[in-house]
Protein chains: 2
Amino acid sequence: MIKVLLVEDQAMVRGALVSLLGLEPDIEVVGEAASGQEALTVALETKPDVVLLDIEMPGGDGITAGARIREALPACQVMILTTFGRPGYLRRAMEAGAVAFLVKDSPARELAAAIRRVRDGERVIDPGLAAAALSAGPNPLSPRECDVLAAAVDGSTVGDIAVRLHLSEGTVRNYLSSAIQKTRARNRIEAVQRAQAQGWL
Amino acid sequence: MIKVLLVEDQAMVRGALVSLLGLEPDIEVVGEAASGQEALTVALETKPDVVLLDIEMPGGDGITAGARIREALPACQVMILTTFGRPGYLRRAMEAGAVAFLVKDSPARELAAAIRRVRDGERVIDPGLAAAALSAGPNPLSPRECDVLAAAVDGSTVGDIAVRLHLSEGTVRNYLSSAIQKTRARNRIEAVQRAQAQGWL
DNA sequence: GCTTGACGGTGACATTTGTCAGACGACCGG
DNA sequence: CCGGTCGTCTGACAAATGTCACCGTCAAGC
């Protein structure tokens, strides 16, 4: 029996995935969690063989949760199951020690197959996605540029961002400007969208 | 047996929901579709009692697909199952003749329960969501303001939008300005986000 | 018939945003 | 110890954005 911990914030999707995995005779869902925080707690309680993690969740994203779990339970394999196949997500997931990266677009039966391949010591990564992640290259934005761009996603003005990050307005404008150029965008909105599409924020 | 057509673009979620409904002895998934267009075709083939529709899908959104299906098959009940409980979505879904509106945050067992309640002629709507939709009031944006705001989501400049909608730049600026005021935002980015949060785009 | 609102437009204006050049200290690798 | 990068800041400038006042048409409603 492969013991699986399932981490996904949308309760109905989580329940549906449990029932999907319930069809497999050699897979047992030993725990569920709805956030990154909760994931670590439940992992320590249930000591699963495999954790299946969503990325975008309120209360701790799946990638950092995966890293924490690997620290605490080195025997436990981390798999990512996400809606968005963003190159930066894949890259960060791999750096955090994940051994599989699945997107929810792929057919349902691939989930159990991927879990078994992970149990057998394989890595499971969509080849097209891997190519995209490699060809896109690493995140060109400096940490601070990321901060400023991330602070701009909600439509804040330069003044707002400056206050929030304790910077001068000119500095904020400079970071935004260089982020716009590095993303080859025409304004901050495009810059934010491109950075998000790459998984850089 | 209640015959259900399941419409959801993410294959893995769709498959998981099928397996979830497969646990219910009185429910049978007679068809699946991954887009609004496909939904209508499959509905005509399979003549389900109930269609379960996601809203945000590439290739025709679920609400208009639901309206089309109601036209073609008046006996078929339309249920919406969506990630986002946006007031405007609920309102539009009701106007399009939907009898249920579920969010994927709610527990998995509520899905089958909701389907049975719909079979019994009931409507199923989250009370809190209904209150939000009523208190928020209807969409204050004029159709054209919606168009212009929707054209601004991807970071297009005023000039781009003007060309795309065959308008003068001044007109575009005027519509954006009035949309910003009606949404009580400070700039177009906030306006877009508030309008999206309400489900007005 | 008159009013109202949506639609489309113009022109002027203030503000915000984006760009550039430059300056300073910190830190890191060679 | 020297060059490069990063972070921070300033000041100045051009371009884009947001606001306002105003004008016209047209269709719907009272």
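Here the structure is a predicted model, which means the values were calculated and not measured. First the proteins, then the strands, lettered A, B, ... as listed; each starts at 1.
A straight line from CZ of A:R184 to P of C:dG18 spans 19 Å, rounded to a whole angstrom. As rounded to whole Å, 15 Å separates atom C1' of D:dA12 from atom CD of A:E169. The separation between B:E145 atom CD and C:dG9 atom C1' is 15 Å, rounded to whole Å. When rounded to the nearest whole Å, the span between CD1 of A:I180 and C1' of C:dT16 equals 12 Å. Computed from coordinates, the A:E190 CD to D:dT17 P distance equals 11 Å when rounded to whole Å. If you measure from atom CZ of A:R188 to atom P of D:dA16, you get 15 Å, rounded to the nearest angstrom. Protein atom CG of B:D160 is 12 Å distant from nucleotide atom C1' of D:dA16, rounded to whole Å. Atom pair B:L176:CG and D:dT19:C1' shows a separation of 12 Å (rounding to whole Å applied).
Comparing A:I189 and B:T171 by the nucleotide of DNA chain C whose heavy atom lies nearest to each, the residue mapping closer to the 5' end is B:T171. When each of B:G170 and B:P143 is assigned the nucleotide of DNA chain C with its nearest heavy atom, B:P143 is the one assigned upstream, toward the 5' end.
A donor-acceptor pair under 3.5 Å links the side-chain atoms of A:R194 to the main chain of A:T183, judged by distance alone.
Taking 4.5 Å as the limit, some side-chain heavy atom of B:R116 sits within range of a side-chain heavy atom of B:I2.
For B:Q181, counting side-chain heavy atoms from C-beta on, the closest listed nucleotide (D:dT19, D:dT17, C:dG18) is D:dT19. With C:dG18, D:dG18, D:dG7 as the choices, the nucleotide that has an atom nearest any side-chain atom of A:R144 turns out to be D:dG7. Taking the side chain of A:N174 as heavy atoms from C-beta on, and the options D:dT17, C:dA21, C:dG8, the nearest nucleotide is C:dA21. Distance from the side chain of A:L167 is smallest to D:dT8 among D:dG18, C:dC7, D:dT8.
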Going through the distances and angles, do A:E8 and B:K104 end up as a salt bridge (Lys or Arg N to Asp or Glu O under 4.0 Å)?
-> CA-CA 11 Å; A:E8 156 71 50; B:K104 290 181 186 166; over 6 Å; no
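Shortest non-hydrogen contact noted between B:R188 and B:I180 is N-CD1, 3.6 Å.
Not one side-chain nitrogen or oxygen of A:S142 sits closer than 4.0 Å to the OP1 or OP2 atom of D:dT5. Using a 4.0 Å cut-off, no side-chain N or O of A:S168 falls inside it from OP1 or OP2 of D:dT8. For A:Y175, no side-chain nitrogen or oxygen approaches OP1 or OP2 of C:dG18 to under 4.0 Å.
Looking at B:N187, its side chain has no donor and acceptor atom pair within 3.5 Å of the base of C:dT17. Applying the 3.5 Å distance criterion, the base of C:dG18 shares a donor-acceptor pair with the side chain of A:R173.
A cation-pi arrangement, defined by a distance under 6.0 Å to the six-membered ring centre and an angle within 45 degrees of its axis, is absent between B:R92 and B:Y89.
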